[in-house]
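The shown structure was predicted, so the numbers you read here are calculated from the model rather than taken from an experiment. Note: hydrogens, waters and symmetry copies are ignored here, and every other heavy atom, side chains too, is used.
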Amino acid sequence: LPDGVVALAIAPDDAARWTFVGREGIYLRSARDAKWEPRQVGGDGASLGGVIHTASPAPGRWGTWLVGGLDGIVRTTDDGLSWRKVDAAMREGGVGTPPQPITVVVGVWVTHAPSDPNVAYAAVNQVSRDPSRRGIWRSADGGLTWERRVTQDQPVPTDAGGTLPAVLTGATRIFVSPHDPDTAMFAFGMAFEGYGTAIFRSSDGLQTMRAALFSGFYEVFTVAWGPPRSEVLYVGASSDIPSVR
């Protein structure tokens, strides 16, 4: 695979049939020795501003993708032959006081719930002329429509008492349980003077959240859930503290 692969999907009924989204488009291979077929992401009325940041294939729906970029989120159901802009709700209203019109919606991260292709989450940055506003959105219809769930700096109760702001960045990722489409989490933090990563978790689709401190660690790279009906959770993170393993 070339550099800049954003997401890869392998057909469940044919291990040699691959599709991936890269920084410049979507690419398909129909058989093991077949040449890659490039297709444009977006197009007339569904442009992403020329830069692709994130992509997610819909589980169980081969050929259906959500793709986010420099300006917006688009959806295809036919492996990139046609695209539809699906970020209308994210462009409504304004940012700041008094509100300024939203000029760009930056798609930072998109993902489907592994157990339900109708449920998807997106982290976006709504940009106006001066201010901007980061947030996390949820879709219940495969990404066609969206509802805001998390707003930047929203107070979140912590397990130890008190609250933490829901800090979102240009690298925020949303992790969704393979067992429950409403069990989701995201993280933010930096190991500095005893402060560690904060993991924000939810069991109701990010309508409400609680936060737990992951002391001594920073930048959570991935999260994996244990078997169904277990409480096991694996977190892949990094630390600069020599004693932390």
Side-chain angles (χ1 to χ4, degrees), residues 1-91 104-125 136-147 170-179 181 184 205 222 224:
L1 293 176
D3 292 337
V5 174
V6 175
L8 168 69
I10 301 175
D13 58 348
D14 185 354
R17 193 167 152 223
W18 293 13
T19 303
F20 75 84
V21 172
R23 296 295 181 187
E24 298 178 353
I26 187 169
Y27 301 79
L28 302 89
R29 188 187 70 170
S30 59
R32 185 176 303 279
D33 297 322
K35 292 184 177 180
W36 288 100
E37 177 189 352
R39 291 177 182 171
Q40 181 182 1
V41 171
D44 293 342
S47 172
L48 284 178
V51 178
I52 295 171
H53 293 152
T54 178
S56 175
R61 293 179 181 170
W62 183 256
T64 296
W65 288 78
L66 285 171
V67 182
L70 185 62
D71 186 15
I73 297 175
V74 296
R75 183 176 186 261
T76 181
T77 59
D78 51 18
D79 259 335
L81 289 175
S82 61
W83 296 89
R84 177 177 176 178
K85 199 98 168 183
V86 292
D87 55 18
M90 302 169 183
R91 299 178 183 273
V104 172
V105 173
V106 181
V108 173
W109 181 258
V110 292
T111 188
H112 290 85
S115 62
D116 187 347
N118 289 319
V119 176
Y121 295 85
V124 304
N125 188 17
I136 297 178
W137 299 66
R138 183 184 185 273
S139 173
D141 55 13
L144 291 173
T145 61
W146 298 87
E147 178 182 297
T172 293
R173 302 176 183 182
I174 305 148
F175 306 101
V176 187
S177 167
H179 314 308
T222 189

For a quick test of reading the model, state the closest non-hydrogen atom pair linking [X] to [Y] and the distance between them.
X: A34; Y: S30; value: CB-OG, 3.6 Å
X: T76; Y: L81; value: OG1-N, 4.2 Å
X: G49; Y: L70; value: O-CD2, 3.6 Å
X: L66; Y: A120; value: CD1-CB, 3.7 Å
X: T222; Y: F175; value: CA-CE2, 3.7 Å
X: V176; Y: Y121; value: CG2-CD1, 3.6 Å

Looking at [Y], is its backbone amide N or carbonyl O close enough to the side chain of [X] to form a donor-acceptor pair, meaning the two atoms are under 3.5 Å apart?
X: T54; Y: V110; value: yes
X: R23; Y: I52; value: yes
X: W62; Y: P59; value: no
X: K85; Y: I73; value: no
X: H53; Y: G68; value: no

Q.
Tell me every residue that passes side-chain hydrogen bond (donor to acceptor under 3.5 Å, both in side chains) with T145, counting only those two or more places apart in sequence or in another chain.
A.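 Partners of T145 under the side-chain hydrogen bond (donor to acceptor under 3.5 Å, both in side chains) test: D141.
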
Q: With sequence neighbours excluded, tell me which residues meet side-chain hydrogen bond (donor to acceptor under 3.5 Å, both in side chains) with Q40.
A: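 In terms of side-chain hydrogen bond (donor to acceptor under 3.5 Å, both in side chains), with neighbours along the sequence ignored, Q40 is linked to no residue.
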
Is the shortest side-chain heavy-atom distance between [X] and [Y] below 4.5 Å?
X: V74; Y: V86; answer: no
X: L28; Y: W18; answer: no
X: D87; Y: W146; answer: no

Q: Starting from the C-alpha separation in whole Å, work towards a yes-or-no answer on side chain to side chain contact (heavy atoms under 4.5 Å, CB included) for N125 and V105.
A: CA-CA 6 Å; N125 188 17; V105 173; over 6 Å; no

Q | Pairs meeting criterion salt bridge (charged side-chain N to carboxylate O under 4.0 Å, His left out) with involvement of residues 55-84, two or more places apart | A |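 Output for this query lists D71-R91.
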
**Q.** All pairs passing salt bridge (charged side-chain N to carboxylate O under 4.0 Å, His left out) where residues 32-41 contributes a residue, at least two apart
**A.**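 Of all non-adjacent pairs touching residues 32-41, those that pass salt bridge (charged side-chain N to carboxylate O under 4.0 Å, His left out) are E37-R39.
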
Q) Which pairs, with at least one residue in residues 104-116 and sequence neighbours excluded, count as a side-chain hydrogen bond (donor to acceptor under 3.5 Å, both in side chains)? A)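 Non-adjacent pairs meeting side-chain hydrogen bond (donor to acceptor under 3.5 Å, both in side chains): S56-H112.
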
Q) Ring centroid separation for F20 and W36, is it under 6.0 angstrom? A)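 Yes.
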
Q. Should W83 and V41 be marked as a side chain to side chain contact (heavy atoms under 4.5 Å, CB included) after you check the CA-CA gap, both sets of side-chain angles, and the distance that decides it?
A. CA-CA 7 Å; W83 296 89; V41 171; 3.8 Å; yes

**Q.** By salt bridge (charged side-chain N to carboxylate O under 4.0 Å, His left out) - contacts of R138 (at least two apart)
**A.**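 In terms of salt bridge (charged side-chain N to carboxylate O under 4.0 Å, His left out), with neighbours along the sequence ignored, R138 is linked to D182.
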
